[in-house]
There are 2 protein chains.
Amino acid sequence: MDQKKPGGRTLAGDAYEAIRQSIRTGAVKPGDRLRFADLQALCGMSVTPVREALARLTAEGFTVLDDHRGYSVASLSLAELRDITAARQLCEGEALRLSVTKGDGDWEAGLVAAHHLMARIPQARDDIPSVMREDWEARHATFHAALIAACGSPILLEICEKLFSRADRYRRLSVSLTGGARDVTGEHRRLMELALARDAEGAVAALREHYGRTAAALEGFFKA
Amino acid sequence: MDQKKPGGRTLAGDAYEAIRQSIRTGAVKPGDRLRFADLQALCGMSVTPVREALARLTAEGFTVLDDHRGYSVASLSLAELRDITAARQLCEGEALRLSVTKGDGDWEAGLVAAHHLMARIPQARDDIPSVMREDWEARHATFHAALIAACGSPILLEICEKLFSRADRYRRLSVSLTGGARDVTGEHRRLMELALARDAEGAVAALREHYGRTAAALEGFFKA
DNA sequence: GAGTCAACGATTTTCGAAAATCCGTGTGAT
DNA sequence: ATCACACGGATTTTCGAAAATCGTTGACTC
């Protein structure tokens, strides 16, 4: 039945995950070319699903396509970091404002649950403190999604989700450079508390500052 | 050399344009399934480039994908119209604010030029007044892009472009229903004048109202 | 008669090879 | 010495068919 992969969906989906993971963890570096031959070897499949995976990754900004020259990993830059940060402050800020205003009991419950799961595990790995734990990053994403889940705008949610994943590589960089210097846990707790207290403006301000700090922590790195 | 198509790029790109045009003009209706056999016949090529085209269209919200059930044309709804409108008011509003603040002489020149080209031709076709002219729509898109071109944020520009094209089908619907009742030309002129006068807040307000009217004109339609 | 399940047809998804394209190298002319 | 151009290898892009999957029909049991 399933060709040795009980994933349950399509090979293209598996390829998407595999390549995305390679990019996020740094197995392939920004600017590197992504040759189909290599990716086929990595994913263990033919060219067609790999091509579809790259199309999706390109739509999300992880890779870029040059016609007839193939795909390569999108570069990182200070300019893009600032751009992403500003866009997130705008879009996710507005989504949070709406969510705090319109959220019901279920939204509160989901937020508390997501925060609890995230707070239960450490951010960095025990063996290599400069590397972010995969499961923490997943719960971190869930927490931020829970904050804005009640905004009522699928399009805004989609935009925020894409921006969040696009910021992922910068976030990892921040952790590897600054370590646990920042009180990220406290910032998250405060965000949740402001949201639950229905302090929309306060929560939005805290969120913007939250993102601003991540960007600021990396400003220095890019100048070197 | 080129296989009868002097397009100059890739077949996947041609397929993207062809299918997108079929969707925009209503040759295929919202909700319709898009069978690969039909699309191959329409585009005159094999399945691979068609598949890549659909992947791109899905990323832009024109089509939706059900695993193992193929692609279909995305539906239209009042809820989505409202959602798109709100997102555009937020993102394009902010982009316009930045653009008006930071734009230089070249930006002004580009804006004036784009407006002139758009104002030179009528919005609707002579033979069928309820159908929007293709070339007008293209210049209309260029004009709106020119308004925000100087915002300095590639990501914001990309978001706005996607939202603009996603609103395209609703815009056509609006033209076919209300005809030329609205003074769209005047609204555009006013937008340009406010931008050139560096009245950021006034321009943003005008833009929001501009979009709000398109949405309002369609509210009634969806309730029937 | 209602429900379950297996086989069929339609369609998507994937494969492996062929065709087209790009980039770098080397040759020859000015 | 510099430039233009053609050739060759590496890589992407596309093809046409095979494999996998889904929805449905129809027979069979309870």
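Keep in mind it's a predicted model, so treat the numbers as computed, not measured. Order of the sequence lines sets the chain letters (A, B, ...), proteins ahead of strands, with each chain counted from 1.
- Side-chain atoms of A/V47 lie closest to C/dG16 of the nucleotides C/dG16, C/dT12, C/dT21.
- Within the nucleic acid shown, B/L39 has no heavy atom closer than 4.0 Å to any nucleic acid atom.
- When the C1' atom of D/dT12 is taken as reference, atom CG of A/D38 falls 13 Å away, rounded to whole Å.
- Proximity of residues 48-55 of chain B to DNA chain D (heavy atom under 4.0 angstrom from any strand atom) is restricted to B/T48, B/P49.
- Considering only heavy atoms from C-beta on, B/P154 comes within 4.5 Å of A/D83 through its side chain.
- In this structure, B/Q40 atom CD and C/dT13 atom C1' are separated by 12 Å, rounded to whole Å.
- Closest heavy-atom contact between B/G61 and B/A74: O-CB, 3.4 Å.
- Within the model, atoms CZ of B/R88 and CZ of B/R166 stand 12.0 Å from one another, a figure rounded to the nearest 0.5 Å.
- Using five terminal pairs a side, the axes of the helix from C/dG1-D/dC30 to C/dT30-D/dA1 at its two ends make an angle of 0°, given in steps of 10 degrees.
- The nearest heavy atom of DNA chain C to A/S46 and to A/D67 marks one nucleotide each, and the one closer to the 5' end goes with A/S46.
- In this structure, A/R33 atom CZ and C/dG24 atom C1' are separated by 13 Å, rounded to whole Å.
- Under a cut-off of 6.0 angstrom, the local environment of CG in B/D126 is sparse, with at most 12 non-hydrogen atoms contributed by other residues, nucleotides or ligands.
- For D/dT12, neither phosphate oxygen OP1 nor OP2 lies less than 4.0 angstrom from any side-chain nitrogen or oxygen of A/R69.
- When distances are taken from the side chain of A/L11 to each of D/dT13, C/dT14, D/dC22, the shortest belongs to C/dT14.
- Taking CD1 of A/I121 as the start and CZ of A/R139 as the end, the distance is 4.0 Å to the nearest 0.5 Å.
- For A/F36 and C/dT21, the CZ to P distance is 17 Å, given to the nearest whole Å.
- Nearest nucleotide to the side chain of A/M45, out of D/dC22, C/dT14, C/dC15: C/dC15.
- When rounded to the nearest whole Å, the span between CZ of A/R9 and C1' of D/dC22 equals 17 Å.
- What you find for A/A150 and A/G103 is that their closest heavy atoms are CB-CA, 3.6 Å.
- One interatomic measurement links the two molecules: CZ of B/R35 to P of D/dT21, which rounds to 21 Å at whole-angstrom precision.
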Practice task
Take A/D168 and A/R172, measure what salt bridge (charged side-chain N to carboxylate O under 4.0 Å, His left out) needs, and give me the verdict at the end.
Solution key: CA-CA 6 Å; A/D168 178 77; A/R172 282 166 195 275; 3.0 Å; yes
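- Between the CG atom of A/L34 and the P atom of D/dT12 there is a distance of 9 Å, given to the nearest Å.
- Taking atom NE2 on A/H68 and atom P on C/dA20, their separation rounds to 12 Å, with Å as the unit.
- For residues 123-161 of chain B, the ring pair (Phe, Tyr, Trp, His ring centres under 6.0 Å) pairs, not counting sequence neighbours, are B/H115-B/F143, B/W136-B/H140, B/H140-B/H144, B/H140-B/F164, B/H140-B/H188, B/F143-B/H188, B/H144-B/F164, B/H144-B/H188, B/H144-B/H210, B/H144-B/Y211.
- Listed for the B/K102 side chain is a donor-acceptor partner under 3.5 Å among the backbone atoms of B/C151.
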